[in-house]
Amino acid sequence: MSSTVTRIRLAAVAAAASIAVLAGCSSPAPSGNSAAADSCAPAKGKVTLQYWNTVPGMDEVVALWNKKNPNIQVETKNISNDQYGTIGNALKAGKAPDLAQVGYDELPNLRTQDAFTDVSACKSATGAKSAFVPWTWSQASFGGTGVFAMPQDTGPMALYVRSDIFKKHGLEIPKTWDEYATEAQKLHKADPNLSMTFFDPNNAEWFNGLLWQNSAEMYSYSGDKWHVTVESEQSKQVADYWQKLIDAKLVRTDLAHGSTQMYTAYQKDQIATYVGAAWGYSMFRDNLPKQAGKWSIVPMPTWGTSAASGDWGGSTVAFMKGGKHPYESVKFNTWLNTDPEALALENKLGGLYPAATAGLALPALSQGVPYYNNEKIFDVFADSSTKIDTGFTWGPTQKTVNLALQDAMAKAAAGDGTVGDALTAAQDAALKSMKDQAIPAAAGE
């Protein structure tokens with residue numbers, strides 16, 4: 001999740017942050033609730049677990065589990081309105097749920113708050129490793145230092161295109177970002193009320209996905225310290241590109257992702273494309289039903305001859321601090337994220353693109369999707385997932401960095417500074433936040 005909506009994935013990506021980097025991430029952070037990790041005995045009698053998430057339709061998935069498991073009942077709560085605020089407040093009050101949806105980028109940050117329980121004492125938890133795409137398991141286990149979460153989904157990116165608008169104005173499907181800018185100029189010239197897409201300055205996760213595509217490494221770990229490179233040359237290239245589109249008024253900056261205003265703009269045929277992740281396919285299907293058959297999904301434009309793609313969002317289901325039933329939590333969490341019936345329902349209702357390798361075999365992901373003119377859109381996302389840089393690393397204070405990035409991007413969208421300036425603000429925030437938490441860090445090369 002992105003943090004504002006649901007998530008997705010099936011990715012055949014291979015191995016994310018290295019064990020050294022993840023171990024580095026864990027070095028300044030607590031290792032989790034070790035007391036709870038010491039045993040994994042089944043409870044005596046009926047157990048009720050609390051599971052918080054942001055996924056539409058998850059109540060139906062949980063109902064399926066509850067029907068089959070009368071002695072391990074699960075109560076679900078949707079926290080999409082304020083996901084991490086709700087989780088953070090619950091942790092402070094000592095009332096966290098047994099399980100909660102946590103994005104990969106938020107895992108290191110919450111670990112510094114001792115938010116998770118290590119359930120590696122449960123053999124079924126450690127045995128689940130082979131069921132997931134390797135890079136997702138590495139992030140959820142902090143490089144193998146324990147089992148703190150089960151991967152759920154990822155978000156390989158692509159370009160959503162209004163085929164009818166492109167055809168009407170004689171536009172070509174852009175294969176590179178340069179071509180995308182050229183087609184954006186043609187479109188706006190043909191109809192000043194039409195924009196190619198929108199730039200949401202309050203969505204750092206989306207922007208991070210764009211940086212990821214351009215191999216703009218934000219962090220690395222070596223020599224017992226973090227090296228922060230948020231404002232690298234690759235990052236500046238991405239920032240400068242979008243700044244030019246903003247300055248030329250070829251993209252809108254007044255829309256928030258997932259908002260009513262965003263859907264209204266698409267409904268009124270004011271925007272021709274959407275740069276998004278796999279989980280976005282259900283957003284358009286469910287919120288713009290009258291546009292069925294008008295959308296296509298094609299590979300994300302690339303930087304020159306590079307075939308690289310990006311990832312936006314994706315989540316885990318984390319074992320939260322204070323959970324009293326590790327055995328039952330592991331059993332449910334494993335089923336939720338590896339069982340074919342559960343995965344199929346999550347994809348159908350919530351648009352999730354599963355992190356489990358079993359998800360690759362889901363019939364729904366190999367068939368045409370009616371809303372998208374029966375195109376096999378998941379083939380595009382599967383190809384995208386193989387082209388994601390698996391070495392991309394999240395920093396231990398990513399939430400603080402994202403907030404600084406968003407604040408500065410919002411100012412840039414309002415004419416105060418540039419998107420490039422936002423990178424500098426984010427770099428400074430990363431270094432300061434790590435220093436404040438006594439995490440060794442320095443500006444990288």
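Because only heavy atoms are used, hydrogens play no part in the values below, and waters and symmetry mates are left out as well, while side chains stay in.
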- Compare every heavy atom of G350 with every heavy atom of S282, then report the nearest pair and how far apart it is. OG-O, 3.8 Å

- Task: Report yes if some heavy atom in the side chain of L159 is under 4.5 Å from a heavy atom in the side chain of V275; otherwise report no.
- Result: yes

- Message: For a quick check under 3.5 Å, do T229 and E217 share a side-chain donor-acceptor pair by atom type?
- Response: no

- Determine, for D436 against K432, whether the closest basic-nitrogen to carboxylate-oxygen distance falls under 4.0 angstrom. yes

- Query: Would you call E233-K236 a salt bridge at under 4.0 Å N-O?
  - Reply: yes

- Item | Ion pair K348/E60, N-O distance below 4.0 Å | no

- Query: Judged by atom type as modelled, is there a donor-acceptor pair below 3.5 Å linking the side chain of N214 to the main-chain atoms of A216?
  - Reply: no

- Do side-chain atoms of N53 reach the backbone of N78 as a donor and acceptor pair under 3.5 angstrom? no

- Message: Could you check whether E231 and T424, counting side-chain N and O atoms only, form a donor-acceptor pair closer than 3.5 Å?
- Response: yes

- Query: Under 3.5 Å, is there a donor-acceptor pair linking the side chains of E75 and T48?
  - Reply: no

- Name all pairs fulfilling the salt bridge (charged side-chain N to carboxylate O under 4.0 Å, His left out) condition that reach into residues 404-423, sequence neighbours left out, sorted by first residue then second. D407-K411

- Around Q367, counting heavy atoms of other residues, nucleotides and ligands shown, do more than 12 lie under 6.0 Å from its CD? yes

